[in-house]
Amino acid sequence: MDKTFILDGKTIPFEEGETIMEAASAAGVYIPHLCHHPEFKPHGSCKLCTVSIGGRLGASCTNKAAAGMVVESETEALNADRRALTQMLFVEGNHICPSCEKSGNCQLQAVAYHLDMLTPHFTHFYPARDIDASHPDVLLERNRCILCELCVRASRDVDGKNVFGIGGRGIKSRLIVNSASGRLADTNLSVTDRAVEVCPTGAILRKRHGFTVPIGRRLYDHHDIAEVPVAGMKEPRSS
Ligand code: SF4
Ligand code: FES
């Protein structure tokens, strides 16, 4: 591997066709992200992974690495933008962490900690989106959904079921369930589906599994999200 680019002053090797995010992850460098997952095609919706590529802003999960490019990620300005984006995600949903069973294992919360988000800053929307508790084993809490479409991609591309989709426009965008009734109970979703496991927030939850891990032993209790590899992430390669 002889192709490299510079990320925050560090030389990062990459393979032809890799994105900046993929090459950075493989080099053990964390770039904040929420809608990216190494197993799925990039989605480019959360914009948290935005970096400066030769002075031009772009999503590192969708922009391909190129030899000699100079990329900045860990700047005060970019992290301030990421913090604002995360604050927007918090206020447009009902992310009430103290009462959410995903707390401590939630990527949205962990990214907020990583970015030193101390307040929601913006005015809360307090949406009243439908909660779907119809499925015997899975709960869908749309007010915690960040529309990352990871469940959509997992259900379609891995589970081969196409249970989820996104409907509506703008602020009315919602996670929809592809059944005639629109209810989870009327799909062939199984609790063991990848789509159930991959949700980064508390929007898709396995029933009867809440609050089983004591405080202090949850995924992000002692480790910043930058130190916790996402399941499925390739091992950092040695450069
Ligand atoms: S339910 Fe979860 S995985 Fe699906 S779009 Fe919402 S936040 Fe993403
Ligand atoms: S991780 Fe790149 S836009 Fe969401």
Side-chain angles (χ1 to χ4, degrees), residues 18-25 29-53 57-65 71 73 78-79 81-82 84-86 88-90 92-95 97 100-102 105-112 114-115 127 129-133 135 138-159 161-168 173-178 182 184 187 189 191 193-206 225-226 230-233:
E18 272 184 341
T19 61
I20 296 169
M21 172 73 77
E22 286 166 340
S25 301
V29 177
Y30 173 73
I31 300 175
H33 58 271
L34 281 169
C35 70
H36 166 77
H37 189 289
E39 286 174 30
F40 305 107
K41 280 193 203 121
H43 189 234
S45 62
C46 76
K47 301 298 175 218
L48 239 68
C49 73
T50 299
V51 291
S52 163
I53 308 163
L57 296 183
S60 57
C61 68
T62 53
N63 276 277
K64 299 256 188 278
V71 181
S73 174
L78 284 168
N79 279 328
D81 287 347
R82 289 171 180 146
L85 288 168
T86 309
M88 290 179 201
L89 287 173
F90 266 78
E92 68 81 38
N94 294 334
H95 298 282
C97 303
C100 177
E101 64 196 70
K102 190 83 174 200
N105 296 309
C106 171
Q107 288 177 40
L108 177 65
Q109 184 191 51
V111 160
H114 174 83
L115 296 168
R129 301 172 199 143
D130 288 345
I131 297 171
D132 187 338
H135 192 283
V138 179
L139 176 79
L140 173 57
E141 208 318 8
R142 288 184 174 85
N143 299 295
R144 298 177 187 151
C145 173
I146 58 170
L147 301 175
C148 68
E149 290 201 24
L150 279 169
C151 59
V152 177
R153 288 175 273 169
S155 184
R156 183 190 59 216
D157 303 341
V158 179
D159 304 327
K161 295 185 180 176
N162 207 18
V163 168
F164 298 105
I166 302 286
S173 299
R174 296 284 183 277
L175 190 74
I176 56 167
V177 170
N178 293 322
L184 267 186
T187 68
L189 181 80
V191 70
D193 283 358
R194 193 78 182 99
V196 175
E197 195 191 340
V198 81
C199 179
T201 72
I204 300 181
L205 294 167
R206 289 193 296 157
I225 192 167
V230 171
M233 199 77 97

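Remember, it's 1-based here, ligands and their atoms both numbered in the order they're listed.
- In this structure, atom 2 (Fe) of ligand 1 lies nearest to the protein heavy atom C199 SG, 2.3 Å.
- For ligand 1, the atoms sitting less than 4.0 Å from at least one non-hydrogen atom of I146 are 6 (Fe), 7 (S), numbered in the order shown with element in parentheses.
- Look at H33 and atom 4 (Fe) of ligand 2: no N/O/S atom of the residue is under 2.8 Å from the metal.
- The nearest N, O or S atom of C46 is closer to atom 4 (Fe) of ligand 2 than 2.8 Å.
- In summary, the atoms of ligand 1 found under 4.0 Å from a heavy atom of A203, numbered by their order in the structure, are 1 (S), 2 (Fe).
- Contact annotation: for V198 versus ligand 1, there are no heavy atoms closer than 4.0 Å.
- Ligand 2 places these atoms under 4.0 Å from at least one heavy atom of H36: 1 (S).
- Annotation: the span from C145 atom SG to N94 atom CG amounts to 12.0 Å, rounded to 0.5 Å.
- Below 4.0 Å from some heavy atom of I204 lie the following atoms of ligand 1, by number and element: 1 (S).
- Under a 4.0 Å criterion applied to the non-hydrogen atoms of T201, ligand 1 contributes the atoms 7 (S).
- With a 4.0 Å cut-off on non-hydrogen atoms, E149 touches ligand 1 through its backbone and not its side chain.
- Close contacts between ligand 2 and K47 involve ligand atoms 3 (S), 4 (Fe) [criterion: under 4.0 Å to a heavy atom].
- Of all atoms in ligand 2, numbered sequentially from 1 with element shown, those under 4.0 Å from a heavy atom of C61 are 1 (S), 2 (Fe), 3 (S).
- Taking backbone and side chain together, C151 holds an N, O or S atom under 2.8 Å from atom 4 (Fe) of ligand 1.
- Which parts of ligand 2 touch C49 is read off a 4.0 Å heavy-atom cut-off, strictly below it: atoms 1 (S), 2 (Fe), 3 (S).
- Of all atoms in ligand 2, listed by their number and element, those nearer than 4.0 Å to a heavy atom of G44 are 3 (S).
- Among all protein heavy atoms, the one lying closest to atom 6 (Fe) of ligand 1 is C145 SG, 2.3 Å.
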